[in-house]
Amino acid sequence: MSSATDTELLALHGLAVKKAGSPAAVAAVIGAEEAEVEAALEAAVAAGRAAGAKGTFMVAPVGREWLDAQYPQAFAGFRADPAATEAYERFERINRALLALFTDWQMVPTAGGERVPNDHGDSEYDADIVDRLGAQHEKAEKVLDSFAALEPRLGLYKQRLDSAYDRALAGEHEWVSGARIDSYHTVWFELHEDLLRMLGREREEAP
Amino acid sequence: MTAVADRAVVLDGATVPSREVVGNKGRSIAWMLSLGLPVPPALCLPIEECRRFHAGGGELDDEVWSSVLAGVAGLEQKLDREFGGGERPLLVSVRSGAAVSMPGMMDTVLNLGITDTVEAALARLSGDADFARQTHCRFVHQFGATVLGADLDEPAADATPAAVREAVRRDSGEEVPTDPQEQLRAVIKTVFGSWSSRRAKAYRRHWGIPEDGGTAVIIQAMVFGNLGRDSGTGVLFSRNPLSGEPEPYGEWLPGGQGEDVVSGTHDPLPLAALEASLPAAHERLIAAATLLEREHGDVQDVEFTVEHGQLYLLQTRAAKRSPLAAVRAAVDLAAEGAIDRAEALDRVTPEQLASVLAPRLEAEVAAAAEVLARGTAACPGVASGVAVGDSEAACEAGGDVVLARPTTSPEDVSGMIAARAVVTERGGSTSHAAVVTRALGRPSVVGVGEGESAALLGQELTVDGSEGVVYRGALPTAAVDPASVPGLSRLLEWARELSPVEVAAATSPVDLLRLAQGKSIPQGSEQEEEIS
């Protein structure tokens, strides 16, 4: 794979993980220079693999197919590496724990199994969940270190997760699972998608 | 409180030490004992000892250690049990307990004191070798995870302690001690050490909590609910947490041990079963819950265990309740004089009131409608629209659409924002789709089954995210009549009386409550309820 295709593939991959975004947002996912990403995305638009307007790009259906065709070869080494598989298993374990805690964060269990929306009136309840988030965050950092040893750009997720965790710890509720910002869940969700694409796996949803 | 060799504190309720001395949990145990309530005996290393531990370079000195041993001997004596051996073994729980609860502190290690010999004794005592083995596994697992930082899967039901030990060794490179005293010493050091954990420090920095505080350590005897027919475990609410009715409500699991109720692995019985089989324990439990509710001025959720007919209270806290119960209990408590009207208003959040008044499908309407799919109710609420299969379509349609997909990935978030409701084929209440729809306030039903979403496309449908049902057609929703909700009319009357400003007649009940609570009315309060 030539280095030009390399950047284009990564830029388009980063765009697919985010669905739509600016060159800056994609650059933050793949750890490349913004200008370089912008040029790669412009090239992808020219090739019909992406669509762009007002500095925001989207993967085109053709680009999606192109990516799916490129993945097996582009990430052959990663897919074959037992260290990646092993780290992904640890990732899955954290993923289950995190999704359960996001659910507890949003919906408070009451007697009889019914859950009600968390109005954040019980600071002990919230502190307990932020504590669980912290415990998983520490495990996530270790897993990301393992991934970064194989694919350095994956280490970038650490900073993004850390900054979401830090704001959650400071009592900014929406940074745990808010959907419109780079909350812990948003970043984790993207990381999950990133790994699934790299490894060529199907999403398995928790029961 | 009695001092053991001056360094540990026996929590016997003779006095109630302050939370600055023994922490929140320590104070709560002493306080319940001072009310004459049955709580398993406990001792405490006060917060002062945490400071001493850190000043001493992270070591327990001989004097404090002998105070711990003397305290444990006191627990043995009180219960006629033996720590680390004997025919009637004593197991303890060890917890942290700062004056203010904070993330990053070591939480709890249960079943400490178990060894192969103790496991055998426990098996004889309970007549249940599986329980004894599982208790041993749980301890090894918990010690490995919390003290040694091992990353482990929950032990399977048929796991052996040796296998769990090996898993801990593989992951952490360290051994779980087999000597009970060594176990205890290590856990105490972990609790004190956790005061300086990265997370606890970060939390204190954010909240301006002084670094020179510390945490207490609570060492409490464990009691057993599985010692035969006159034992068991359960949970009691001082009022019904679903309806708010002023009747005790609870669950009783004869022969069950603490975790069994919480984990849902066994089906508990209603409280009446406890009343029928162990009337004295039941009577004492109800009296305790009534007393605790009066003292706290709020509905209590009490965890309890009965060991050979003897009732023990393990924990009490303000009960989580449904929005309906929040309204009713607040009004009833004020009517009974337990709290005043202003306090009653503060007990109901605007979100709870909004939920009580949220428009819903009427039963007759739902019964007459055609059900297209059923799944897990993931985000409450009702919404209608035409089903579309992907984000592009959802964003382009612009009108009322429902996003129906096999599963969701980050690229579907924009479609979920554009849609009124979401339906997915796979996943349950903790799927990404469930988390995102709640964060967006979009009613959702997840896990309707493989291939089901394609069949919905292009149809107009109604998603009931409270019940987990998808109906054909756009069904009408109906507003809730305040008079049909027990307590609500009085609550709104009090809100009007206590509101600091003149309230316009057209003010919505939720905004009325906000004004009475001294809050301002948010801009555009018509927007969806986002749960973040």
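The chains referred to below are lettered A, B, ... by the order of the sequence lines, with proteins before strands, and numbering in each begins at 1.
- For B:Leu324, no part lies near chain A; criterion is any non-hydrogen pair under 4.5 Å.
- Taking the six-membered ring where the residue is Trp, the centroids of A:Phe91 and A:Trp188 are separated by under 6.0 Å.
- The CZ atom of B:Arg199 sits 9.5 Å away from atom OG of B:Ser194, with the distance rounded to the nearest 0.5 Å.
- Looking only at atom types and distance, the side chain of A:Asp194 has a donor-acceptor partner in the side chain of A:Tyr157 under 3.5 Å away.
- Heavy atoms closer than 4.5 Å to chain A are found nowhere in B:Asp346, neither backbone nor side chain.
- Between chain A and the options B:Val413, B:Asp153, B:Val436, the largest number of non-hydrogen pairs under 4.5 Å is found for B:Asp153.
- For B:Ser197, no part sits under 4.5 Å from any heavy atom of chain A, backbone or side chain.
- Here A:Glu172 pairs with A:Arg167 under the salt bridge (charged side-chain N to carboxylate O under 4.0 Å, His left out) rule; sequence neighbours left out.
- Residue A:Ala16 touches chain B through its backbone alone, counting heavy-atom pairs closer than 4.5 Å.
- Between A:Trp105 and A:His120, the angle of the ring planes lies from 30° to 60°, which puts this pair in the tilted group.
- For A:Glu65, the CD atom counts as loosely surrounded, since its 6.0 Å shell holds 12 or fewer non-hydrogen atoms of other residues, nucleotides or ligands.
- A donor-acceptor pair is defined here as one N or O able to donate and one able to accept, closer than 3.5 Å; no such pair exists between the side chain of B:Ser238 and the backbone of B:Ala289.
- Only the backbone of B:Met105 comes within contact range of chain A, with heavy atoms under 4.5 Å apart.
- Aromatic ring pairs are classed by plane angle as parallel below 30°, tilted from 30° to 60° and perpendicular above 60°; the pair A:Phe102 and A:His185 is perpendicular.
- Of the two parts of B:Arg317, neither the backbone nor the side chain holds a non-hydrogen atom closer than 4.5 Å to a non-hydrogen atom of chain A.
- With a 4.5 angstrom heavy-atom cutoff, B:Ala202 touches chain A via backbone and side-chain atoms both.
- Using a 4.5 Å cut-off between heavy atoms, A:Asp166 contacts chain B through both its backbone and its side chain.
- No other option in A:Arg90, A:Arg64, A:Lys142, A:His137 has as many heavy-atom pairs under 4.5 Å with chain B as A:Arg64.
- Using a 4.5 Å cut-off between heavy atoms, B:Thr437 does not touch chain A at all.
- Contact count versus chain B (heavy atoms, under 4.5 Å) is highest, among A:Ala97, A:Gly121, A:Ala170, for A:Ala170.
- With 3.5 Å as the limit, one finds no donor-acceptor pair spanning the side chains of B:Arg405 and B:Ser391.
- Counting heavy-atom pairs closer than 4.5 Å to chain B, the top residue among A:Glu138, A:Lys139, A:Glu124, A:Arg93 is A:Arg93.
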